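Structure record follows, encoded as structure tokens.
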Amino acid sequence: MLKRIFFVIFTAAVLACHAAPKTQPMVEGVTNVKPDEQQQLVIKEVVNLIESYNYKKIQINDSISSIILDKYIKSLDQGKNYFLASDIKEFEKYRYTLDDDFKNGDLSGPFFIYNVYAKRLNEYFTYSLAQIKTKFDFNQNDSYVYDREKQPWATSSTALNDTWKKRVKYELINLNLAGTAEAKNVETLTKRYQNLQSQTSKTNNQDVFQILMDAFTESIDPHTNYFNPTNAAAFNEDMSRSFEGIGARLQLENEVVKISEIIAGGPAFKGKQLSAGDRIIAVAQGDGEFVDVIGWRLDNTVSKIKGPKGTKVRLKVIPSGKEMSSKPVIIELVRDKIVLEETSAKKKLKPLIVMVKNIKSGLLLYQRSMQILKRLTQVIKITKVPHATLEN
């Protein structure tokens with residue numbers, strides 16, 4: 001009986017050491033994304049796995065927490081286009097607490113940060129849609145920094161609004177240089193920002209959890225990853241070494257889809273029209289109309305490009321090394337089944353007789369080397385005798 005009471009008290013004490021997840025702060029103006037119970041359990045288990053089984057024997061502490069926060073914020077807003085300096089200052093309260101929060105299954109902080117991000121996205125997309133209708137003077141001498149990663153965070157909404165106004169003008173100039181009519185360019189850019197808003201509204205807690213887990217695992221080891229169901233399916237495709245598409249791996253960079261790798265043996269490889277670093281700005285099915293994909297979620301763009309074997313897809317591409325204002329190149333490809341044999345390990349068997357010859361050659365070389373070494377030793381002994389005599 002005493003043992004049972006002791007066990008109950010001990011269990012209660014252990015549970016008391018693990019605080020319950022905190023209440024997640026709500027962000028006004030957006031539908032707040034929240035973690036589910038399964039994700040709360042997963043984050044605790046991942047911490048346990050890393051601390052217990054990772055080959056580096058890493059402890060999830062304040063130092064790791066700080067790295068995770070920086071990586072997470074950067075993954076959300078790499079180009080510093082959305083967060084304000086005041087937002088970043090507010091997020092500092094999580095810098096040294098994420099390690100303890102994760103051990104308790106508490107994801108309230110990272111999900112709050114994402115919801116602030118979603119609010120800023122919606123604010124600037126709404127602002128940009130209004131700016132598109134503005135009659136711009138394209139003869140002015142303006143400057144716009146496209147990649148703001150090394151710039152400081154904007155100190156006010158007014159400052160960031162000015163950046164977004166210049167961005168709209170910059171994107172209209174790019175569309176104008178492509179040779180299409182001004183009215184069509186306004187329509188294209190309007191659809192682009194409407195798509196951005198639409199994609200943001202479709203983000204779910206699995207998407208947010210994946211971003212967070214990528215930041216977490218990359219902070220520990222660049223070769224360690226967590227897969228949500230969608231990414232797990234993609235991983236299984238890689239493991240099965242086959243899928244149907246054009247044979248290119250894609251990544252998202254500053255809201256533009258970029259080709260990171262051409263897979264050997266696929267239509268893109270055989271056609272020799274695409275290269276790593278090329279950016280895809282629009283996709284068309286067969287002979288249909290192009291759909292602008294700038295700002296789309298990567299998985300949605302991939303689903304547009306993939307398709308059954310034998311079907312045709314057309315891409316509008318800005319070649320690697322060219323400015324985004326360059327005229328896009330239209331590339332047509334026929335999808336095929338991609339078998340990743342070219343990326344598999346290779347082996348080669350040599351006939352036994354060749355191996356024997358090589359061994360014999362090695363032995364002869366070794367024997368010859370020993371003879372030379374012996375001769376050199378004798379010469380050294382002979383030349384050292386007079387010197388030894390002189391020293392005496």
Side-chain angles (χ1 to χ4, degrees), residues 21-36 39-40 43 64-102 104-131 147-165 167 193-216 218-219 228 252 254-255 295-298:
K22 297 186 285 289
T23 301
Q24 181 176 318
M26 293 294 101
V27 178
E28 294 183 1
V30 293
T31 302
N32 283 257
V33 183
K34 299 179 181 179
D36 57 38
Q39 291 163 348
Q40 292 169 347
I43 192 68
I64 297 296
S65 173
S66 179
I67 296 172
I68 294 170
L69 180 66
D70 289 336
K71 282 186 176 292
Y72 182 56
I73 292 173
K74 184 177 180 179
S75 62
L76 291 174
D77 191 6
Q78 180 180 356
K80 297 182 179 178
N81 293 308
Y82 308 107
F83 286 133
L84 299 173
S86 56
D87 297 327
I88 302 302
K89 184 177 180 180
E90 184 177 10
F91 301 155
E92 279 296 310
K93 63 187 177 184
Y94 299 114
R95 181 163 297 281
Y96 302 113
T97 64
L98 293 179
D99 54 323
D100 297 322
D101 290 343
F102 289 176
N104 294 323
D106 186 350
L107 296 168
S108 58
F111 274 75
F112 168 71
I113 292 174
Y114 175 80
N115 290 328
V116 173
Y117 168 71
K119 179 180 180 179
R120 297 293 180 227
L121 281 174
N122 191 56
E123 288 174 349
Y124 296 118
F125 293 158
T126 300
Y127 177 80
S128 297
L129 282 167
Q131 295 305 308
D147 185 358
R148 300 184 66 253
E149 184 176 355
K150 296 182 179 179
Q151 300 293 313
W153 296 100
T155 56
S156 66
S157 296
T158 302
L160 209 48
N161 281 344
D162 182 63
T163 298
W164 276 88
K165 186 173 183 178
R167 174 171 175 161
Y193 281 100
Q194 288 173 341
N195 282 332
L196 286 168
Q197 277 190 314
S198 176
Q199 298 301 323
T200 303
S201 66
K202 293 174 183 176
T203 301
N204 55 42
N205 63 2
Q206 285 286 356
D207 300 320
V208 179
F209 191 62
Q210 180 67 65
I211 297 169
L212 172 62
M213 293 304 289
D214 284 344
F216 182 17
E218 287 173 12
S219 299
N228 65 16
L252 200 61
N254 288 324
E255 297 174 356
W296 278 34
R297 288 172 50 128
L298 181 59

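Predicted, not measured: the structure shown is a model, and the values here were computed from it.
For the pair K89 and Y94, the cation-pi test (distance below 6.0 Å, angle within 45°) is failed.
Side-chain contact between N205 and D36: present, with at least one pair of heavy atoms (C-beta onward) separated by less than 4.5 Å. Contact check for K165 versus Y127: side-chain heavy atoms found under the 4.5 Å cut-off. The shortest distance between side-chain heavy atoms of N81 and Y124 does not fall below 4.5 Å. Between Q131 and N161, the closest side-chain pair of non-hydrogen atoms is not below 4.5 Å. No side-chain heavy atom of D99 sits under 4.5 Å from any side-chain heavy atom of I64. Annotation: side chain of D87 is in contact with side chain of R120 (closest heavy-atom distance under 4.5 Å). By the 4.5 Å heavy-atom criterion applied to side chains, L69 and I113 are counted as neighbours. By the 4.5 Å heavy-atom criterion applied to side chains, N115 and M26 are not counted as neighbours.
Atom NZ of K71 and atom CZ of F216 lie 13.0 Å apart (nearest 0.5 Å). For the atom pair D70 CG and I88 CD1, the distance stands at 9.0 Å (nearest 0.5 Å).
Y193 pairs by the ring pair (Phe, Tyr, Trp, His ring centres under 6.0 Å) definition with nothing, not counting sequence neighbours. Taking the ring pair (Phe, Tyr, Trp, His ring centres under 6.0 Å) definition, one finds that Y72 meets it with nothing, sequence neighbours left out. With sequence neighbours excluded, the residues satisfying side chain to side chain contact (heavy atoms under 4.5 Å, CB included) with Y96 are D62, S66.
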Would you please test F83 and V116 for side-chain contact (heavy atoms from CB on, under 4.5 Å) and show each step?
CA-CA 8 Å; F83 286 133; V116 173; 4.1 Å; yes

How far apart are the C-alpha atoms of Q197 and T126, what are their side-chain angles, what is the distance that settles it, and do they pass the side chain to side chain donor-acceptor pair (under 3.5 Å) test?
CA-CA 8 Å; Q197 277 190 314; T126 300; 3.0 Å; yes

Does the pair F111 and F209 meet the rule for a ring pair (Phe, Tyr, Trp, His ring centres under 6.0 Å), with working shown?
CA-CA 8 Å; F111 274 75; F209 191 62; 7.2 Å; no

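Partner W153 forms a side-chain contact (heavy atoms from CB on, under 4.5 Å) with one of L160, D77, L84 and no other, that one being D77.
Remark: K22 engages D101 in a salt bridge, criterion side-chain N to carboxylate O under 4.0 Å. Salt-bridge annotation for K119 and E28: absent, with no side-chain N of the basic residue lying under 4.0 Å from a carboxylate O of the acidic one.
Counting all heavy atoms, side chain and backbone alike, L107 lies closest to Q40 at CD1-N, 4.1 Å.
Using modelled atom types, no side-chain atom of K80 and backbone atom of R148 make a donor-acceptor pair closer than 3.5 Å.
When ring centroids are compared, Y114 and Y117 come within the 6.0 Å threshold.
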